[in-house]
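A short write-up of the structure that comes next.
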Number of protein chains: 2
Amino acid sequence: MLTIGGLAKRTGTKVQTIRYYETIGLLPEPERTEGGQRRYGQTDLDRLGFVRHGRQLGFSLEAIRELLDLADNPTQSCADADSIARRQLKQVEDRIARLQALQVELQRMIKDCGHHSVADCRVLEVLRDHSECLTDHDRIGA
Amino acid sequence: MLTIGGLAKRTGTKVQTIRYYETIGLLPEPERTEGGQRRYGQTDLDRLGFVRHGRQLGFSLEAIRELLDLADNPTQSCADADSIARRQLKQVEDRIARLQALQVELQRMIKDCGHHSVADCRVLEVLRDHSECLTDHDRIGA
DNA sequence: GATAGAACCTCCAGCAACTAGAGCTTCAAG
DNA sequence: CTTGAAGCTCTAGTTGCTGGAGGTTCTATC
């Protein structure tokens, strides 16, 4: 039997986080000692491992909850799990695209900035310029 | 002069968000009408544009606050702005790397899932397998 | 069996960065 | 001068945790 600290260590989770997962019903209430301390078994270790891996993959706790429900009643179609994964993939692809655009822009900012005075600092200019991506028609009186 | 709603529309910001930026001191308190409604000018439009663009670029509000401070007192060295940008770039690169790993895994999950019953659904298996990335030495009693 | 101190317990508060709603007032058009 | 959209303040909720206060339990050592 594992203490909450042991479970935390094995799954790379913080103790507080485990208790938090319990309060939101993602993990079941575990056994307790006479004194009231939590004790965990293999099932708990597996379930928490599943949750943590899902989180690393970028699933929301709600998505993970859905997946766990699916896994708990394995009579339904797998299409549900598939659609959750597809939804996630789409989000991930969007995020990557936006981040890559950002990466390019930051690189440009850094390249153009020659450590002079702020007066001719390009980092600030880039941001200022783009604050005018809202160009003319976004200016007051246009 | 713009109303808060007009400013919101022009910058693609929600009205509540503008008021929020004001309460945290990111935007200055604007002029008010007799009746107490906020009225904004070009400066506010620029400043909020700067903030929103920074947010889209992934800067935290704190980082944006630093940049705005820099822009407000342009006597200091530009090295500060540069280092903020570098810090951000590193974070962005990390995020991209993690997301790409995730993308691959999700694609595999979807590819392997053939819309059968959950019994042989690979989506759940992938997550289950990896919950055992904590392999043997992570099992209780090992 | 006493004791020390690490690890546990509950409860509350807070983080970022907003978002939403209740209940009320003001503005601007017709 | 009325009407209804848009404004106002204030409070509370969101997601996914994290930290602290103040107190109890477990376990190892003497």
Side-chain angles (χ1 to χ4, degrees), chain A residues 1-27 29-40 44 47-68 84 87-88 91-92 95 98 102, chain B residues 1-27 29-41 44 47-48 50-68 84 87-88 91-92 95 98 102:
Chain A
M1 283 309 217
L2 283 173
T3 63
I4 197 169
L7 182 63
K9 208 164 277 174
R10 276 167 195 272
T11 57
T13 314
K14 299 222 168 170
V15 166
Q16 308 280 54
T17 305
I18 296 173
R19 290 200 276 249
Y20 168 71
Y21 287 163
E22 186 185 325
T23 64
I24 62 165
L26 210 59
L27 298 179
E29 293 186 19
E31 290 175 47
R32 300 268 187 153
T33 60
E34 298 274 291
Q37 297 196 355
R38 291 169 179 83
R39 287 297 179 271
Y40 297 94
D44 301 301
R47 195 173 175 98
L48 181 55
F50 185 103
V51 172
R52 293 311 290 178
H53 189 64
R55 289 293 299 142
Q56 279 165 27
L57 286 181
F59 287 92
S60 72
L61 290 181
E62 269 326 291
I64 290 169
R65 196 194 295 275
E66 289 179 66
L67 289 167
L68 282 170
I84 293 168
R87 230 188 294 142
Q88 286 297 323
Q91 276 182 32
V92 166
R95 271 188 257 172
R98 270 192 296 118
L102 152 61
Chain B
M1 283 308 215
L2 282 172
T3 62
I4 195 169
L7 182 63
K9 208 164 276 173
R10 276 167 195 273
T11 56
T13 314
K14 299 218 170 172
V15 167
Q16 306 282 54
T17 304
I18 296 173
R19 289 199 277 248
Y20 168 71
Y21 287 163
E22 185 185 325
T23 64
I24 62 166
L26 209 59
L27 298 180
E29 294 186 17
E31 290 175 47
R32 300 267 187 155
T33 61
E34 297 276 289
Q37 298 196 354
R38 291 168 179 82
R39 288 296 180 269
Y40 297 94
D44 301 301
R47 195 174 176 97
L48 181 55
F50 185 101
V51 172
R52 294 311 290 177
H53 189 64
R55 291 291 300 141
Q56 278 164 28
L57 286 181
F59 287 91
S60 72
L61 290 182
E62 269 327 291
I64 290 168
R65 195 194 297 275
E66 288 179 67
L67 289 168
L68 282 170
I84 294 168
R87 232 189 293 141
Q88 286 297 321
Q91 277 181 31
V92 166
R95 272 190 256 171
R98 272 193 294 118
L102 152 61

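The basis for the numbers below is simple: all heavy atoms, side chains too, and nothing from hydrogens, waters or symmetry mates. In the text below, chain A, chain B and the rest are named by the order of the sequence lines, each starting its count at 1.
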**Q.** Candidates A:Glu29, A:Glu31, A:Glu22 - the one meeting salt bridge (charged side-chain N to carboxylate O under 4.0 Å, His left out) with A:Arg38
**A.** A:Glu22

Q. If you round to the nearest 0.5 Å, how far is CG of B:Leu48 from OG1 of B:Thr17?
A. 9.5 Å

Q) Nearest to the side chain of B:Lys14, which nucleotide is it out of C:dC18, C:dA20, C:dT26? A) C:dA20

Q: Apply the side-chain hydrogen bond (donor to acceptor under 3.5 Å, both in side chains) test between A:Tyr21 and each candidate in A:Arg47, A:Arg52, A:Gln16; give the one that qualifies.
A: A:Arg52

Q: Mind checking A:Arg19 for me? I need base, sugar-phosphate or nothing, with any heavy atom below 4.0 Å counting as a touch.
A: base

Q.
To the closest 0.5 Å, what do you measure between CD1 (B:Ile18) and OG1 (B:Thr11)?
A. 5.0 Å

Q: Select one nucleotide: of C:dC8, C:dA20, C:dT10, the one nearest the side-chain heavy atoms of A:Arg32.
A: C:dT10

Q. Taking five pairs at each end, how big is the angle between the two axes of the helix from C:dG1-D:dC30 to C:dG30-D:dC1, to 10°?
A. 0°

Q: Considering just the side-chain nitrogens and oxygens of B:Tyr21, establish if one lies under 4.0 Å of OP1 or OP2 belonging to C:dC18.
A: yes

(Q) When you measure from the side chain of A:Arg10 to the backbone of A:Gly49, do you find a donor-acceptor pair of N or O atoms at a distance under 3.5 Å? (A) no

Q | Between C:dA16 (C1') and B:Arg65 (CZ): distance, integer Å | A | 12 Å

(Q) Quick check on side chain to side chain contact (heavy atoms under 4.5 Å, CB included): which of B:Arg19, B:Lys9, B:Gln37 does B:Ile4 satisfy it with? (A) B:Arg19

Q) Would you say C:dT19 has OP1 or OP2 under 4.0 Å from some side-chain N or O of B:Thr17? A) yes

Q) Between A:Tyr20 and A:Gly35, which is nearer to the 5' end of DNA chain D once each is assigned its nearest nucleotide? A) A:Tyr20

Q. Reading DNA chain D 5' to 3', which nucleotide is the first, and which the last, to come under 4.0 Å of any heavy atom in chain B?
A. D:dG7 to D:dT9

Q: Please work out if B:Ile24 contacts a base, only the sugar-phosphate, or nothing of the nucleic acid, heavy-atom cut-off 4.0 Å.
A: nothing

**Q.** Nucleotide C:dT10, atom C1' - distance to CD1 of A:Ile4 in whole Å
**A.** 12 Å

Q: May I have the distance from A:Gln16 (atom CD) to C:dC12 (atom C1'), rounded to whole angstrom?
A: 12 Å

**Q.** N/O (side chain, A:Arg39) to phosphate O (OP1/OP2, C:dC9) under 4.0 Å
**A.** no

Q.
For B:Ala8 versus B:Val15, what's the shortest heavy-atom pair and its separation?
A. CB-CG2, 3.8 Å

Q) To the nearest 0.5 Å, what is the distance between CG (A:Leu61) and CG (A:Leu26)? A) 6.0 Å

Q. Between B:Gly36 and B:Glu62, which has a closest nucleotide on DNA chain C that is more 5'?
A. B:Glu62

Q: Look up atom CZ in B:Phe50 and atom CG in B:Leu27, then write down how far apart they are to the nearest 0.5 Å.
A: 12.0 Å

Q | Inter-residue atom distance B:Asp44.CG - B:Leu7.CG, 0.5 Å rounding | A | 7.0 Å

(Q) If you assign each of A:Gly5 and B:Arg52 to its closest nucleotide in DNA chain C, which residue comes earlier from the 5' end? (A) A:Gly5

Q) C:dA7 C1' sits how many Å from A:Gln37 CD, rounded? A) 7 Å

Q. So, is A:Arg38 near the phosphate of C:dC8, with a side-chain N or O under 4.0 Å from OP1 or OP2?
A. no

